[in-house]
Amino acid sequence: MTTAYDLIVVGGGAAGLYLAISMQKFGFRVLLIEREASRIGGDCLNTGCVPSKSLLHIAHAVHAAKTASQFGLHVNGTLDYQKVAAYLDRTRHTIRQHENVDWLRAQGIAVVLGEASFVSRNAMEVNGTAYSAKRFVLATGSRAKPLQVPGIEHVKVYTNETLFSLQELPQRLLVVGGGAVAVEMSQAFRRLGATVTVVNQGKRLLEKDPPETAEVMQQRLEAEGIRCCHQSQVVAFPDPHTAVVKGPTGETEAISCEAVLVAIGRELNLEPLQLARGGIATEHGKIRLNAYLQTTNPRVFVSGDAAGQLQFTHAAELHGKLLLNNFFSPLKKKISYDNFSWVTYTDPQVATFGLPEAELQKRGVAYEKLVYDFAEFDRAVIEDYPWGKLVLFTSKSRYLFDNTTLLGGSIVAPVAGEMIQELITAKEAGLGTNTLFNKVYPYPSHSNATQQALTQRFLKGITPLIQKVMKGLY
Ligand SMILES: Cc1cc2nc3c(=O)[nH]c(=O)nc-3n(C[C@H](O)[C@H](O)[C@H](O)COP(=O)(O)OP(=O)(O)OC[C@H]3O[C@@H](n4cnc5c(N)ncnc54)[C@H](O)[C@@H]3O)c2cc1C
Ligand SMILES: NC(=O)c1ccc[n+]([C@@H]2O[C@H](COP(=O)([O-])OP(=O)(O)OC[C@H]3O[C@@H](n4cnc5c(N)ncnc54)[C@H](O)[C@@H]3O)[C@@H](O)[C@H]2O)c1
């Protein structure tokens, strides 16, 4: 057995890198074990956030060029998909300059390449060598859930692992799923010129987001020519270019497709870890965790997608921050997603923060729901997004100037992901709605929509009695 480390981190994705780099900076001996050198950066860098957002960036540029004809600028020509693919490689390559094995070793982190598995409660093995440590963090991530449908073996099937190495645009793409991957990639490929059909088992798109904002997103996708079939499933591929889809009432339809993108959620990368040998219990296909992201072996913790909770790069950061706090502070923190947020980077973006309405109801929180449509919001008129919407949950307003608490909400707008930032900060800092209501926004900022929503509520609260009192004061 090799010398003991302070910490062994398994997995070199967002979750593993965050902890390995932080602990090394604090002066600890860290060993990072990653399956393959080319996987450093994990899904986010290689097969997730970075290539998908790069693709969306190109798709939005192409769309802007095509729609400029309404202002008299007629753009024509054909897309060179190899240039698109080269751009996806370029952005990843640039980020890899500071996310690679040599760079990590230069920082002082020991890196071993190979698949890690437990040999005992305090040691793991890679390629026949055992390594022990005081603590372990499992950050082994997840992979796309496979679609099991008869005939699929004859079809061109892509997941996020293969989609971003395409060298040619598929002309007719069937997207299976209705979550963030399906929605983002449907729009990207539609804008690049493919015919896109979405087949989703769920009742609607983006089920983590409130129905009000997700519905606007669906309308925008449909306006671009994307067909969405909900409560539907692919039941067979009778030939490589046909999917038989069963709809909500049991009827079937043959949909022509050249390629299929499977985006139906994730499976956890746990099998090779030999968890039982490490004294780590599992339940329902996940690692059994307490509120501190600690396994049944107290020296082993889990971070990122592998925890089987919310699966985002910034969830990995949340987990990493919690683990670092708990490694050092006597005041241990429990995992909570009450202040969590996410953004679907389509055009428009859908950005959601805080507690969802169902959770507010479950917890018996007395809340108020503000829904603000952007039809008369100046910036939305200027930039042509009158269909934009803001949903805000606050504590109940008891009187006109009540400083209500921000509980959660969602925005659908072209830059919703930026507009939501001040709401996230305000909620985290415990600032009430009065801070946003009283703030003076530079005109005409997109973020001012929040103040417009609060103003609408304020104006509704001016009763005849209040008017009478004000007249007296005046
Ligand atoms: C298409 C797509 C787009 C996305 N876009 C966004 C986005 O815009 N924003 C966002 O926040 N999130 C996004 N996500 C989610 C995000 O990519 C993940 O939540 C994040 O990458 C998870 O990081 P992780 O470190 O937990 O796991 P991973 O990135 O999966 O890393 C795990 C690593 O562990 C290694 N490994 C596994 N098992 C072993 C083993 N036994 N031994 C050694 N090494 C092992 C793997 O090789 C891998 O490199 C997206 C996901 C997809 C699929
Ligand atoms: N912008 C972002 O932050 C971003 C972008 C992409 C992915 N992600 C994250 O990556 C993870 C994976 O995303 P995802 O979209 O694959 O999963 P998801 O869990 O978000 O959505 C899965 C979708 O597939 C549908 N589905 C499940 N089984 C099906 C079947 N057999 N046939 C048809 N539809 C089926 C579900 O109804 C659901 O709509 C998520 O946690 C997501 O949050 C984040």
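Order of appearance sets the numbers: ligands from 1, and atoms from 1 within every ligand.
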>> Starting from atom 41 (O) of ligand 2, what is the nearest protein heavy atom, named by residue and atom, and what distance separates them?
In response: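 For atom 41 (O) of ligand 2, the nearest protein heavy atom comes out as Q311 O, 3.3 Å.
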>> Taking a cutoff of less than 4.0 Å between a non-hydrogen atom of the residue and any ligand atom, is E36 in contact with ligand 1?
In response: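 It does not, in that no heavy atom of E36 comes within the 4.0 Å cut-off of ligand 1.
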>> Could you check whether R29 makes a cation-pi contact with Y5, meaning its NZ or CZ is under 6.0 Å from the centre of the six-membered ring and within 45° of the ring axis?
In response: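 Positive - R29 is close enough to the ring of Y5 and near enough to its axis.
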> For ligand 2, which atoms have a heavy atom of K53 less than 4.0 angstrom away?
Replying inline: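 So the answer, numbered in order with elements, is 1 (N), 5 (C).
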> N/O of D305 under 3.5 Å from N/O of ligand 1, yes or no?
Replying inline: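 Right, the criterion is met.
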>> With nothing but distance in play, are any N or O atoms of V181 less than 3.5 Å from an N or O of ligand 2?
In response: yes
> What do you reckon, does W342 put a non-hydrogen atom under 4.0 Å from ligand 2?
Replying inline: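 In this structure, W342 fails to qualify as a contact of ligand 2 - no heavy atom is under 4.0 Å.
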>> Out of all atoms in ligand 1, which are within 4.0 Å of some heavy atom of A139? Include the element for each.
In response: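 Those of ligand 1 that fall under 4.0 Å from A139 are 32 (C), 33 (C), 34 (O).
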>> Need the ligand 1 atom indices (1-based, order shown) with element for anything under 4.0 Å from a heavy-atom of E115.
In response: 40 (C), 41 (N), 42 (N)
>> Just to be sure I read this right, does ligand 1 sit under 4.0 Å from the backbone of L273, its side chain, both, or neither, counting only heavy atoms?
In response: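 Contact part for L273 vs ligand 1: side chain (C-beta onward).
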> Is there any N or O on L147 that sits under 3.5 Å from an N or O of ligand 2?
Replying inline: no
>> Q361: which residues meet the side chain to side chain donor-acceptor pair (under 3.5 Å) condition with it, sequence neighbours left out?
In response: Y367
> Under a heavy-atom criterion of less than 4.0 Å, does A144 contact ligand 1?
Replying inline: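 In this structure, A144 fails to qualify as a contact of ligand 1 - no heavy atom is under 4.0 Å.
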>> Under 4.0 Å from a heavy atom of K53: which atoms of ligand 1 are those, numbered in the order shown and with their elements?
In response: 5 (N), 6 (C), 7 (C), 8 (O)
>> Filter on side-chain hydrogen bond (donor to acceptor under 3.5 Å, both in side chains), then keep only pairs touching residues 14-24, sequence neighbours left out; what's left?
In response: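 Checked against side-chain hydrogen bond (donor to acceptor under 3.5 Å, both in side chains) - neighbours excluded - no pair reaches residues 14-24.
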> Is there at least one pair of N or O atoms, one from V176 and one from ligand 2, spaced under 3.5 Å apart?
Replying inline: no
>> List ligand 1 atoms under 4.0 Å from V10, heavy atoms only on the residue side.
In response: 40 (C), 42 (N), 43 (C)
